[in-house]
Amino acid sequence: MRLVFAGTPEFARVALDALLAAGHDIPLVLTQPDRPAGRGLKLTPSPVKQAALAAGIAVAQPRSLRLDGRYPDEAAQARDQLRQAVPDVMVVAAYGLILPAWTLALPPRGCLNIHASLLPRWRGAAPIQRAIEAGDARTGVTIMQMDEGLDTGDMLLEREVPIGPDDTAAQLHDALAAAGGEAIVAALQALQAGGLAPRPQPADGVTYAAKLDKAEAALDCSQPAALLARRVRAFNPVPGATVRLPGLADPVKVWRAQALDQAVAEPAGTVLRAAADGIDLATGEGVLRLLELQKAGGKRQPVDVFVRGWQPAG
């Protein structure tokens, strides 16, 4: 089919590569403007832009698609480019811009979104992280017919992905990206054959995956250890979970931790022990064992290495 693709991060890049490998004609890609990155804050193209340019595809990077918004000239130029591309359908994956009504109505077969959850659970910006944080045993991808709501469109196809007990957001992201690439190729094949039946999302079970906030990085040890261990996994690698340890001025980043079902009488946040197999912190319920840490400005270290350079006071 003739497609326009809209996406920005690595998750979307995987889908773009899958569509190209399947032989679809993609004359135009939409992606976010280049952003500063790295220590030098050099303007860096998105993973999707890099893949599109490598494939010889034209790229548009409007700051908005709203014709009545802050950048109407950029939106109008993007509209002209979309019209000239004459797509059968538009595929969207983690694009980062709201699609106004004119965009949704432009392709004859509408706009299909690759969403990283089993809708209606975890609509919104951070479905991967919130699924881990909540302790879900499974998630997946949903190919959805987009409408003007927030991830409210009809479901077309789903692929389930289990969440392992030690999966981090980075690991689950990669599994879901691969599932999303496979699912959108299957969905377009079924669409061409007339075999896709839209299904409205059920009213029950709707949850919202709020955007990640840097303030969430600081672990609150008054909460249960099981929740804190899930947050370490959910926030790996971004925004990263942190704790404060005695003797260190700056918070320490926690890359791996596990919850221990042990009764504790000490105040939350107390260091119960520091040994080669873990640093144990008292929490509101149980013990959080820290297994891999990183001091501010330092490197990631397994806990046996970390404790050799640090011991709690007293």
Side-chain angles (χ1 to χ4, degrees), residues 1-65 71 73-99 103 106-107 109-116 125 127-128 141 143-144 146 157 159 161 168-189 191-192 237-238:
M1 300 181 74
R2 189 171 173 86
L3 314 175
V4 164
F5 185 86
T8 298
E10 179 64 16
F11 180 88
R13 196 275 306 163
V14 174
L16 176 59
D17 283 351
L19 292 168
L20 290 169
H24 292 286
D25 179 17
I26 307 177
L28 178 67
V29 159
L30 302 183
T31 192
Q32 287 274 315
D34 297 358
R35 305 291 190 201
R39 291 186 176 181
L41 295 179
K42 180 181 178 182
L43 282 179
T44 304
S46 72
V48 163
K49 180 179 178 179
Q50 294 179 50
L53 293 178
I57 301 171
V59 175
Q61 297 177 273
R63 286 173 287 182
S64 171
L65 291 171
Y71 308 103
D73 292 343
E74 293 183 26
Q77 183 179 4
R79 180 184 58 184
D80 292 342
Q81 290 173 292
L82 278 166
R83 286 173 172 170
Q84 291 166 12
V86 196
D88 299 313
V89 65
M90 184 171 177
V91 174
V92 182
Y95 177 31
L97 289 184
I98 294 174
L99 300 190
T103 314
L106 192 148
R109 299 202 180 195
C111 300
L112 305 189
N113 179 244
I114 309 170
H115 185 74
I128 297 173
V141 292
I143 306 302
M144 175 188 65
M146 296 182 71
L157 185 146
R159 290 291 186 268
V161 174
T168 65
Q171 292 167 325
L172 187 57
H173 166 279
D174 291 350
L176 289 168
E182 183 275 328
I184 190 61
V185 170
L188 291 174
Q189 185 177 19
L191 182 64
Q192 275 187 296
V238 176

State, yes or no, whether a side-chain contact exists between Pro127 and His115 at a heavy-atom distance under 4.5 Å.
yes
Should Val91 and Val4 be marked as a side chain to side chain contact (heavy atoms under 4.5 Å, CB included) after you check the CA-CA gap, both sets of side-chain angles, and the distance that decides it?
CA-CA 6 Å; Val91 174; Val4 164; over 6 Å; no
In short, Phe5 meets Ala12 closest at the heavy-atom pair CZ-O, 3.3 Å
Quiz item: Are more than 12 heavy atoms from other residues, nucleotides or ligands located less than 6.0 Å from atom CD1 of Ile98?
Solution: no
Between the OH atom in Tyr95 and the CD1 atom in Ile114, the distance rounded to the nearest 0.5 Å is 15.0 Å
Test side chain to side chain contact (heavy atoms under 4.5 Å, CB included), reference Leu3, set Ile184, Val89, Leu112, output is Val89
Just by modelled atom types, is the Ala52 backbone N or O under 3.5 Å from a matching donor or acceptor in the Arg13 side chain?
no
Scanning both residues in full, the closest heavy-atom pair of Val48 with Pro9 reads CG2-O, 3.7 Å
Note: Ala175 and Val161 closest approach over all heavy atoms is CB-CG1, 4.1 Å
When every non-hydrogen atom of Val141 is compared with those of Ala116, the smallest separation belongs to CG1-CA, 4.2 Å
Gln50, CD: over 12 other non-hydrogen atoms inside 6.0 angstrom:
yes
Polar side-chain atom of Asn113 near backbone of Val92 as donor-acceptor pair, under 3.5 Å:
yes
Distance col, row Ile57:CD1 vs Leu16:CG, nearest 0.5 angstrom, shows 5.5 Å
CG (Leu172) and CD1 (Ile128) are apart, to the nearest 0.5 Å, by 5.5 Å
Next on the checklist: Please check: side-chain N/O of Gln171 versus main-chain N/O of Thr168, any donor-acceptor pairing under 3.5 Å?
Outcome noted: yes
Output for pair (Glu74 CD, Arg63 CZ), nearest 0.5 Å, gives 4.0 Å
Residue pairs passing the side-chain hydrogen bond (donor to acceptor under 3.5 Å, both in side chains) test with at least one member in residues 76-93, sequence neighbours excluded, are none
Give the table of side-chain donor-acceptor pairs shorter than 3.5 Å for residues 22-35, with sequence neighbours excluded, one pair per line with atom names and distance.
{"from": "His24", "atom 1": "ND1", "to": "Met1", "atom 2": "N", "distance (Å)": "3.0"}
{"from": "Asp25", "atom 1": "OD2", "to": "Arg2", "atom 2": "NH1", "distance (Å)": "2.7"}
{"from": "Thr31", "atom 1": "OG1", "to": "Gly7", "atom 2": "O", "distance (Å)": "2.8"}
{"from": "Thr31", "atom 1": "OG1", "to": "Thr8", "atom 2": "OG1", "distance (Å)": "3.4"}
{"from": "Thr31", "atom 1": "OG1", "to": "Ser46", "atom 2": "OG", "distance (Å)": "2.8"}
{"from": "Gln32", "atom 1": "OE1", "to": "Arg35", "atom 2": "NH2", "distance (Å)": "2.4"}
{"from": "Asp34", "atom 1": "OD1", "to": "Lys49", "atom 2": "NZ", "distance (Å)": "3.3"}
{"from": "Asp34", "atom 1": "OD1", "to": "Gln61", "atom 2": "NE2", "distance (Å)": "2.8"}
{"from": "Asp34", "atom 1": "OD2", "to": "Lys49", "atom 2": "NZ", "distance (Å)": "3.3"}

Heavy-atom nearest pair, Pro62 first then Ala78, reads CG-CB, 3.9 Å
**Prompt:** Can you check side chain to side chain contact (heavy atoms under 4.5 Å, CB included) on Gln189 and Leu191, steps first, answer last?
**Reply:** CA-CA 5 Å; Gln189 185 177 19; Leu191 182 64; over 6 Å; no
